[in-house]
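Residue numbers begin at 1 in each chain, while the letters A, B, ... track the order of the sequences.
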Amino acid sequence: MSARDRLRPADDGTAAHPAKPARAPKPPGIRQTMSDLHTWTGLLVGWVLFAMFLTGTVSFYRDELSQWMRPELPAQHGFSTADAAQHVTDTLGRIAPGGPTWYITLPTPRANVTQAFWRGKDRFENGAFSPDTGERVSARDTRGGDFFYAFHFQFHYMPVLWGRWLAGFCAMFMLIAIVSGVITHKKIFTDFFTFRWGKGQRSWLDAHNVLSVFGLPFHLMITYTGLVTLMLMYFPWGMNAAFQTPAQRAEFNAEAFPAMAPAQRSGEGAPLTSVAELVRRAEAHWGGTPAGRVQINLPGDRNAQVMVSRQDEGRVSTSPAYQVFDGRTGALIRSVDSVKPAAETRGVLYGLHVGRFADGMVRWLYFLCSLGGTAMVGTGLVMWTVKRRQKLPDPARPYFGFRVVERLNIAAVAGLPLAMAGFLWCNRLLPLGLAGRADWEIHGFFIIWALTLLHALLRPAKRAWLEQLWTGAALLAALPVYNLFASPRGLAQTLPTGDWVVAGVDLMLWVLAALLMAIARRTARHQPRPPKAAWRGAATARHAAAPAREEVAG
Amino acid sequence: MTHLFTLLPALGGFIALCLAMDRHREDLLGRTLSRSGVRLLRGLGWLLLTLAYAVAVRGAGWGIGSVAWTGHLSLAAGLVMLTLIVRDRRRVR
């Protein structure tokens with residue numbers, strides 16, 4: 001009895017199972033095999049995908065989050081990219097004279113500082129500078145929104161390359177799950193607006209379908225283009241075969257990335273021309289689109305060169321668009337406005353993924369669709385247990401695999417938002433003078449996430465869900481309140497002055513807290529009984545959902 | 001403005017498509033419709049979705065317009081769905 005029951009939960013009522021000869025008159029059809037494929041590819045990488053999706057979702061507001069996490073820095077109202085470039089160049093001339101290359105990222109309406117990095121005496125250094133004065137500004141040591149961004153495709157505590165391979169592996173599985181899911185879902189059009197409330201497994205499937213279908217263009221796009229962003233790493237063979245000699249490689253790089261021909265140091269000093277003027281000329285060439293980056297080679301040398309790159313605003317492609325000037329005379333050396341079709345295709349796909357072209361509204365659409373995608377993965381994960389719980393011989397003592405999935409689901413779906421809120425709290429509460437403070441914020445994130453897993457393993461499943469959802473909601477909701485008292489850019493300051501970048505983050509934290517609360521309340525109401533009684537409830541739910549289950553086993 | 005005028009026809013389009021489906025029409029209007037009426041609603045729905053695309057492309061160009069359009073489609077479908085759910089819940093109570 002027990003051995004057969006152990007096998008049963010894995011059986012989706014498929015005709016493929018050898019233990020059920022009565023139901024195996026013919027081999028499983030395409031929908032059934034696709035359904036199984038969908039279920040198991042989804043489950044295998046689901047937890048990682050959920051984390052990639054959620055951290056990727058907040059990364060659309062990476063700059064805003066970075067500002068929120070450095071509240072010491074004042075909001076910027078109206079600056080000139082040309083002046084900001086000049087100011088930071090003047091400052092770099094003092095603190096990094098003669099450095100072979102300075103890389104400068106100019107401020108935008110969403111980013112309030114000029115960022116620069118350069119090669120110091122024995123390692124790369126970086127700093128943030130005021131767009132108005134060029135003075136180096138000091139804020140708390142933090143990775144800001146860049147942490148979630150980096151985490152969503154390369155994780156942490158592992159070599160960057162391993163992380164990227166893992167992310168690519170999961171994204172390829174995601175692609176398989178999307179395609180097999182579409183094939184499995186028989187009635188995309190008939191059931192387009194179908195959601196049956198309070199029907200147990202049927203409701204979960206409806207929710208999963210609606211979230212998947214409504215956001216389908218986005219889900220397909222973001223998964224595929226995510227792979228494209230790292231395609232030269234995942235599939236280098238085409239490039240390797242076509243570009244073999246170093247010269248060909250250089251040509252390839254010039255096409256794919258903004259690049260300056262390497263200049264020879266003359267050894268003869270010469271002052272740098274006005275960088276502000278160069279930026280203004282480039283911006284005029286682009287019809288007023290602001291410059292995004294400036295790179296200066298051999299500053300202070302006779303052979304200095306300045307490259308001004310266009311911001312990604314207003315065009316979907318991220319393919320290189322830049323102008324290179326002689327750093328001494330200011331003469332235009334090269335102007336790149338378009339690339340060949342292959343490079344442009346990559347640029348568009350890359351641009352679609354990162355969405356840097358987006359205006360406020362399109363960024364919201366990206367965020368909403370991506371949040372929907374996160375919920376799609378989350379409902380898929382939960383559904384695996386919902387579907388199998390009904391078939392458990394003894395719901396009080398599920399088999400090992402079920403328990404593993406159930407607990408991992410809690411730590412992934414409820415634990416991750418909690419840990420992300422915890423990360424923001426670390427940003428607020430860790431002592432400013434702490435050595436390696438930025439690293440400790442991240443350690444804090446992972447410690448809290450690990451604790452949610454421990455908690456999920458130790459508590460009864462439903463209690464664990466509720467406790468983590470409520471804790472996450474409370475942590476998120478309390479952040480703006482804490483900022484009111486302890487941050488120079490709390491809502492009391494940001495709302496009256498129209499500082500929407502930071503006010504928006506605070507308000508959004510409340511919205512997300514409300515969302516977690518709504519999920520928690522729903523979870524509490526859904527199964528208000530202890531395991532024994534819940535089994536009877538599950539039995540009636542099974543009765544109600546029985547015809548549906550035969551219909552779609554995905 | 002482009003965004004508003006993309007979202008509105010998209011919303012209208014999905015409402016029409018939703019009403020063209022038997023299950024939802026009976027829930028919402030409590031009546032059936034002739035074959036030609038259904039076909040008309042369906043045609044209107046698709047027409048409005050196409051109109052939304054035209055508005056988006058005209059306002060923001062082919063690239064960004066297409067992206068914005070798919071986003072607005074997702075949003076509009078989501079709003080119609082939410083309305084259906086809220087209505088359904090109200091009626092049950």
Query raised in the report: Which answer fits L84(B), side chain, backbone, both or neither, if we ask what part of it has an atom under 4.5 Å from a heavy atom of chain A?
Result: side chain
Taking every non-hydrogen pair under 4.5 Å, which of [options] racks up the most with chain A?
options: D22(B), L73(B), I85(B); answer: I85(B)
options: S66(B), C18(B), A68(B); answer: C18(B)
options: R23(B), H3(B), M21(B), H72(B); answer: H3(B)
options: A77(B), S74(B), A60(B); answer: A77(B)

Query raised in the report: How about Y149(A) and F153(A): are their ring centres within less than 6.0 Å of each other?
Result: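 Yes: the rings meet the under 6.0 Å criterion.
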Query raised in the report: Do W286(A) and Y322(A) have their ring centres less than 6.0 Å from each other?
Result: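 No, the ring centres sit 6.0 Å or more apart.
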**Report entry** Option that, when pairs with chain B are counted at under 4.5 Å, heavy atom only, ranks first among L352(A), L368(A), V362(A)
**Finding:**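 Among L352(A), L368(A), V362(A), the one with the most close pairs to chain B is V362(A).
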[X] portion near chain B, given a 4.5 angstrom heavy-atom threshold:
X: L211(A); value: neither
X: F192(A); value: both
X: S317(A); value: neither
X: F195(A); value: both

Report task. Tell me, yes or no, whether the heavy-atom count around W510(A) atom CH2, taken from other residues, nucleotides or ligands under 6.0 Å, exceeds 12. Result -> yes
Query raised in the report: Relative to the ring of H152(A), is the ring of H353(A) parallel (under 30°), tilted (30 to 60°) or perpendicular (over 60°)?
Result: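 Judged by the thresholds at 30° and 60°, the geometry between H353(A) and H152(A) is parallel.
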Query raised in the report: Is the closest side-chain donor-acceptor distance between H185(A) and D191(A) under 3.5 Å?
Result: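 No - no donor-acceptor pair under 3.5 Å links their side chains.
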Requested in this report: Would you mind checking if D359(A) and R363(A) are paired as a salt bridge, meaning a charged N to carboxylate O distance below 4.0 Å?
Outcome: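 No, R363(A) and D359(A) are not salt-bridged.
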Query - Ion pair check, D63(A) and R356(A), cut-off under 4.0 Å - result: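 Salt bridge flag = no for R356(A) with D63(A).
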